[in-house]
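One structure is given here, and the rest of the page talks about it.
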Amino acid sequence: MIKDYFLNKIENAIKDAIAAGKLGEMKEYKAGTLNTERPKNSDFGDFAINVSSLARFARMAPPQIANAIIEFVDKEDNEYNVIGGFINFKTGEKLLKETVQEIFQKDKNFGKPENVKTEKIILEYVSANPTGPFHIGHGRWAAMGSVLANLLKFYGHDVYQEFYINDAGSQIQKLGNSLKIRIQQELGEDVDFPTDEVERKNYYPGDYLIPVAKKYLETHKGLPDDIQELCDFAKEYEEKVQRDLLEKFRVHFDNFYSELTLHKSGKVDECVQKLKNSGKIYQKDGADWFKSSDFGDDQDRVIKKADGSNTYLTADIAYHIDKLERGFDRMINIWGADHHGYVARVKASIEALGDNPDKLEILLGQLVNLVVNGNEVRMGKRKNMVTLEDLIDEVGVDATRFWMSMRNIDTTLDFDIELAKTNSDENPVFYVQYAHARACSILRNAVEEKLDTETGAKIPAPITKDELDELINSYKPETIVPTIDTAKKLILKLEEYKSMIKNSAETRQVYTICRYVQELAGEFHSFYNANRVISEDKDLMKSRLALVIAVKKVLNNALDLLAVTAPERM
RNA sequence: GUGCUUGUAGCUCAGUUGGAUAGAGCGUUUCCCUCCGAAGGAAAAGGCCGUGCGUUCGAAUCGCAUCAAGCACGCCA
């Protein structure tokens with residue numbers, strides 16, 4: 001990366017300057033003291049390093065330090081200048097040429113970090129109850145999780161994507177009871193869900209169970225003897241609905257892990273036993289309590305209820321222990337912010353059982369607000385909800401994925417459904433896709449012969465297909481030279497892809513990919529407007545075509561990570 | 001009441017581990033197609049970085065307090 005190259009040059013110069021006794025009282029330089037930043041004013045340079053923090057070691061004024069350091073820099077063809085305590089760096093032709101060459105050489109692997117520590121990671125996200133369709137909030141976890149998986153894989157990690165099915169517990173009974181009412185209604189019986197608010201909470205009164213009831217009656221004559229049969233039927237049906245939608249949304253899990261199997265296999269009981277053995281369990285009011293407050297939780301938690309059954313937390317602990325036993329170095333979970341209270345207690349259990357709680361990394365995502373006509377619509381969970389499928393059908397997979405991924409996970413996401421579906425030019429995903437389509441269009445035009453509108457004579461293509469293929473397949477660094485001055489900002493933006501990827505993967509913030517891709521598209525549009533690609537000057541044309549190809553490649557790579565399509569035409 | 005997250009331009013948001021004159025998109029105003037896609041570009045206007053103290057050479061960034069918004073505080077899952 002150019003910024004690391006620059007930092008390295010400066011750090012080496014500092015060491016030489018110290019050895020030469022030019023940095024006052026400074027005796028040694030500790031790596032990591034300085035870092036590169038973006039100059040406020042791009043006239044100063046492409047990158048900058050502020051050496052003010054060395055002042056207290058050297059006991060010299062920052063400008064003097066900067067000037068002392070710069071004497072020892074191996075400058076090659078790059079420009080260095082000092083303003084105050086800043087050393088500014090202007091990228092020379094060599095580095096720019098190498099960047100474009102690297103894009104051609106590495107192609108799909110351009111930007112893959114080198115010499116980084118990689119891990120075996122289990123990434124768990126969505127993990128919904130199989131009791132109904134996904135709502136919009138699930139869409140955010142699905143989009144962000146799948147992008148994060150793509151990103152971490154590209155980074156070099158071994159990533160295993162898992163969906164934890166909450167298919168044990170009372171909500172499945174609720175589901176069965178609700179289906180029973182829907183079936184009775186289908187059979188013409190005069191029954192309905194309770195109107196009493198407290199009673200009603202034992203049911204899912206949403207319409208979505210009506211088709212399930214119809215489906216059930218296709219193969220059954222009436223209600224079964226055992227309500228459990230309805231529970232299982234509805235659960236399997238909803239699971240299928242969820243999986244089909246995930247597929248449609250380009251989200252692929254390696255495994256769906258059923259909570260029920262966790263109970264049946266005895267792993268939950270095993271887990272309780274292990275906790276007991278750890279000595280962190282005590283009895284109170286007939287229940288077993290886990291002393292999680294010993295590990296930073298606010299209070300202790302019930303692990304086994306007075307009636308002998310396990311709590312949801314118990315199963316969750318068993319699940320995370322199981323993940324560790326499967327040999328993962330790191331567990332990353334994406335949870336809704338409404339579950340933040342669970343972080344401390346699950347981490348506490350890992351520590352209590354003698355493993356490192358830092359292996360569990362929980363990304364808490366703020367919720368999604370639906371905005372319709374400028375007004376926030378509260379997400380009623382069961383009534384009048386807009387499902388993820390409704391949203392995808394209205395605005396499309398690409399726009400939904402992009403919008404769901406484009407914000408910092410710490411901020412609530414306002415999803416303006418009208419904006420996303422009706423007003424395409426305000427929609428960033430179209431802006432980016434347009435840039436890609438435009439690049440493709442230029443490449444098409446470059447090899448197309450045209451007809452003169454007046455004479456009807458054929459005008460030969462600006463460049464032959466073979467010449468274009470040769471440009472792509474055996475790209476030479478010199479090719480870019482004729483346009484390198486006008487393309488500098490664009491090339492630097494392409495180069496930034498490398499640091500963006502590294503940063504995004506390490507901070508787990510996938511929205512930076514969305515931001516980057518908009519910025520790259522913007523730089524490309526600017527370049528396009530300022531410079532004519534197809535022209536008489538063949539060397540100039542080739543250099544610009546090479547740049548167009550490079551932009552297309554990087555846009556493609558970035559959009560691949562987002563699993564958003566890169567259209568050839570729009 | 002306690003904890004977590006957020007507060008930056010009219011709106012939606014960036015701000016890369018504390019640095020130069022706080023940045024983008026949308027909206028507003030003005031320009032740019034005889035020519036590769038104007039679904040684009042160039043430019044202008046627009047700011048008490050919620051508020052108040054503090055830390056230091058330096059704070060949107062760190063600390064404390066305070067105000068506002070969202071979420072969570074079950075032997076539910």
Side-chain angles (χ1 to χ4, degrees), chain A residues 3 32 35-41 44 48 50 52-53 55-56 61-62 83-86 88 129 131 166-172 174 201 259 284-289 298-299 301-313 315-316 336-344 364-367 369 371 374 406-414 416 419 423-428 430-431 433-435 437-446 448 462 499-500 502-504 507 509 511-512 515 518-519 521-522 524-535 541 544-545 548 569-570:
Chain A
K3 63 180 208 170
N35 60 337
T36 56
E37 52 194 82
R38 297 301 282 275
K40 290 292 175 204
N41 185 336
F44 294 159
N50 186 334
S52 302
S53 55
R56 61 199 165 101
I83 303 173
F86 288 90
N88 295 301
N129 294 334
T131 55
N166 291 136
D167 57 357
S170 59
Q171 80 276 15
I172 298 300
K174 274 168 69 172
K201 283 193 175 150
E259 180 188 350
K284 195 177 90 179
D285 305 329
D288 287 349
W289 293 70
D298 305 337
Q299 54 180 26
R301 309 291 170 180
V302 170
I303 217 78
K304 199 182 246 314
K305 301 182 223 170
D307 67 7
S309 63
N310 295 312
T311 61
Y312 173 77
L313 173 66
D316 216 18
D338 52 340
H339 288 84
H340 81 258
Y342 266 78
V343 175
L364 290 172
Q366 297 297 314
L367 306 175
N369 281 324
V371 177
M406 69 189 273
R407 295 286 177 237
N408 187 320
I409 195 167
D410 285 337
T411 65
T412 47
L413 175 71
D414 285 333
D416 191 326
L419 205 77
N423 203 342
S424 58
D425 68 318
E426 285 180 33
N427 196 334
F430 287 110
Y431 180 78
Q433 290 182 317
Y434 178 60
R438 178 177 253 179
C440 293
S441 169
I442 295 169
L443 296 175
R444 278 195 303 270
N445 281 315
E448 217 166 67
S499 49
M500 182 280 292
K502 189 161 187 287
N503 185 263
S504 186
T507 60
Q509 285 279 22
Y511 76 93
T512 51
R515 284 188 59 76
Q518 291 176 72
E519 288 167 7
F524 177 62
H525 288 310
S526 293
F527 177 81
Y528 171 89
N529 271 275
N531 305 285
R532 200 177 156 74
V533 176
I534 295 171
S535 65
M541 173 166 66
R544 291 188 174 153
L545 282 173
V548 171
R569 13 169 86 89
M570 293 173 75

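Below, chains carry the letters A, B, ... as their sequence lines are ordered, and counting in each starts from 1.
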- B/U66 to B/G19 separation - C1' atoms, rounded to the nearest Å: 28 Å
- Task: Look only at the side chain of A/Arg569 and the backbone of A/Ala437, and say whether a donor-acceptor pair between them is shorter than 3.5 Å.
- Result: no
- Message: Regarding A/Ser441, tell me which of base, sugar-phosphate or nothing describes its non-hydrogen contacts under 4.0 Å with the strands shown.
- Response: base
- Task: For nucleotides 72-77 of chain B, just jot down a letter per nucleotide in 5' to 3' order: B, S or -, based on protein non-hydrogen atoms under 4.0 Å.
- Result: S--BSB
- Item | Separation of the C1' atoms in B/G47 and B/A14, to the nearest angstrom | 15 Å
- Hey, is the main chain of A/Gly286 close enough, under 3.5 Å, to the side chain of A/Lys304 for a donor-acceptor pair? no
- Between NE2 of A/His525 and P of B/G25 the distance, given in whole Å, is 12 Å
- Query: Taking a pair as Watson-Crick or G-U wobble with both distances under 3.5 Å, which nucleotide is matched to B/A38?
  - Reply: none
- Nearest nucleotide by nearest heavy atom, which residue falls closer to the 5' end of RNA chain B, A/Ala530 or A/Ala437? A/Ala437
- How far, in whole Å, is B/A45 from B/A24 if one measures between their C1' atoms? 16 Å
- Side chain of A/Trp289, backbone of A/Ile303: donor and acceptor closer than 3.5 Å? no
- Is there a Watson-Crick or G-U wobble partner for B/A68 with both distances under 3.5 Å, and which nucleotide is it? B/U6
- Item | A/Gly336 backbone acceptor or donor facing A/Gln366 side chain under 3.5 Å | no
- Minimum heavy-atom distance A/Pro62-A/Gly85, with the two atoms named: CB-CA, 3.8 Å
- Provide, to the nearest angstrom, the distance between the CD1 atom belonging to A/Ile442 and the P atom belonging to B/C35. 16 Å
- Item | Closest non-hydrogen atom pair between A/Val302 and A/Ala287, with its separation | CG1-CB, 4.2 Å
- Could you measure between the two C1' atoms, the one in B/G54 and the one in B/A59, and give it in whole Å? 11 Å
- Message: Strictly below 4.0 Å: does A/Arg438 bring a side-chain N or O up to OP1 or OP2 of B/A38?
- Response: yes
- Message: For the P atoms, the ones on B/C26 and on B/G41, what distance do you get once it is rounded to whole angstrom?
- Response: 7 Å
- So A/Asn50 and A/Glu37, side-chain hydrogen bond (donor to acceptor under 3.5 Å, both in side chains) or not? Walk me through it. CA-CA 8 Å; A/Asn50 186 334; A/Glu37 52 194 82; 5.2 Å; no
- Item | For atom CD of A/Gln366 and atom C1' of B/C4, their distance in whole Å | 8 Å
- Verdict with supporting geometry, A/Asn531 and A/Arg544, side chain to side chain contact (heavy atoms under 4.5 Å, CB included): CA-CA 9 Å; A/Asn531 305 285; A/Arg544 291 188 174 153; 3.3 Å; yes
- Rounded off to whole Å, could you give me the OH-to-C1' distance for the A/Tyr434 and B/A39 pair? 5 Å
- Query: How would nucleotides 15-23 of chain B be written as a contact map, 5' to 3', with B for base contact, S for sugar-phosphate-only contact and - for no contact, using protein heavy atoms under 4.0 Å?
  - Reply: SBS-BBB--
- Message: Treating A/Ser504 as the side-chain partner and A/Gln509 as the backbone partner, does any N or O pair qualify as donor plus acceptor under 3.5 Å?
- Response: yes
- A/Asp410 has an atom CG; how far is it from atom C1' of B/C71, in whole Å? 13 Å
- Item | Base-pairing assignment for B/G1 (Watson-Crick or G-U wobble, both under 3.5 Å) | B/C73
- Message: Would you measure the distance from the C1' atom in B/A68 across to the matching atom in B/C49 and give it in whole Å?
- Response: 16 Å
- Can you name the side chain to side chain contact (heavy atoms under 4.5 Å, CB included) partners of A/Asp307, sequence neighbours left out? A/Lys305, A/Ser309
- Message: Whether the side chain of A/His525 engages the backbone of A/Gly522 through a donor-acceptor N/O pair (distance < 3.5 Å, no angle test) should be reported.
- Response: no
- Task: Answer with base, sugar-phosphate or nothing: what part of the nucleic acid does A/Arg569 contact at a heavy-atom distance below 4.0 Å?
- Result: base
- Message: With a 4.0 Å limit, can you tell me whether A/Tyr431 has a side-chain N or O closer than that to the phosphate oxygens OP1/OP2 of B/G41?
- Response: yes
- Message: Applying a 4.0 Å non-hydrogen cut-off, can you work out what A/Asp316 is touching in the nucleic acid: base, sugar-phosphate, or nothing?
- Response: nothing
- Nearest-Å distance for atom pair CG/P, residues A/Asp414 and B/U6: 15 Å
- For B/G58, give its Watson-Crick or G-U wobble partner with both distances under 3.5 Å, or none. none
- Between A/Phe86 and A/Ala48, what is the shortest heavy-atom contact and its length? CD2-CB, 4.3 Å
- Task: Using heavy atoms to find the nearest nucleotide of RNA chain B for A/Leu413 and A/Leu443 separately, return the residue whose nucleotide is more 5′.
- Result: A/Leu413
- Message: What contact category does A/Met570 fall into here, base, sugar-phosphate, or nothing, at under 4.0 angstrom with non-hydrogen atoms?
- Response: base
- Message: Going by purine N1 to pyrimidine N3 plus the second Watson-Crick contact, or the G-U wobble pair, all under 3.5 Å, which nucleotide sits opposite B/G18?
- Response: none
- Identified pairing partner of B/U29, criterion: Watson-Crick or G-U wobble below 3.5 Å: B/A43
- Item | Spacing of A/Asn369 atom CG relative to B/C13 atom P, expressed in whole Å | 9 Å
- Item | C1' atoms of B/G58 and B/C33, separation to the nearest Å | 49 Å
- Message: Suppose you measure atom P in B/A60 against the same atom in B/C13; what distance do you get, rounded to whole Å?
- Response: 22 Å
- Message: Let's see if you can work this out: which of B/C36, B/G40, B/G70 has an atom nearest to the side-chain heavy atoms of A/Asn529?
- Response: B/G40
- What is the distance, rounded to the nearest whole Å, between atom OH of A/Tyr528 and atom P of B/C36? 6 Å
- Query: Considering Watson-Crick and G-U wobble pairs with both distances under 3.5 Å, what does B/C53 pair with?
  - Reply: B/G63
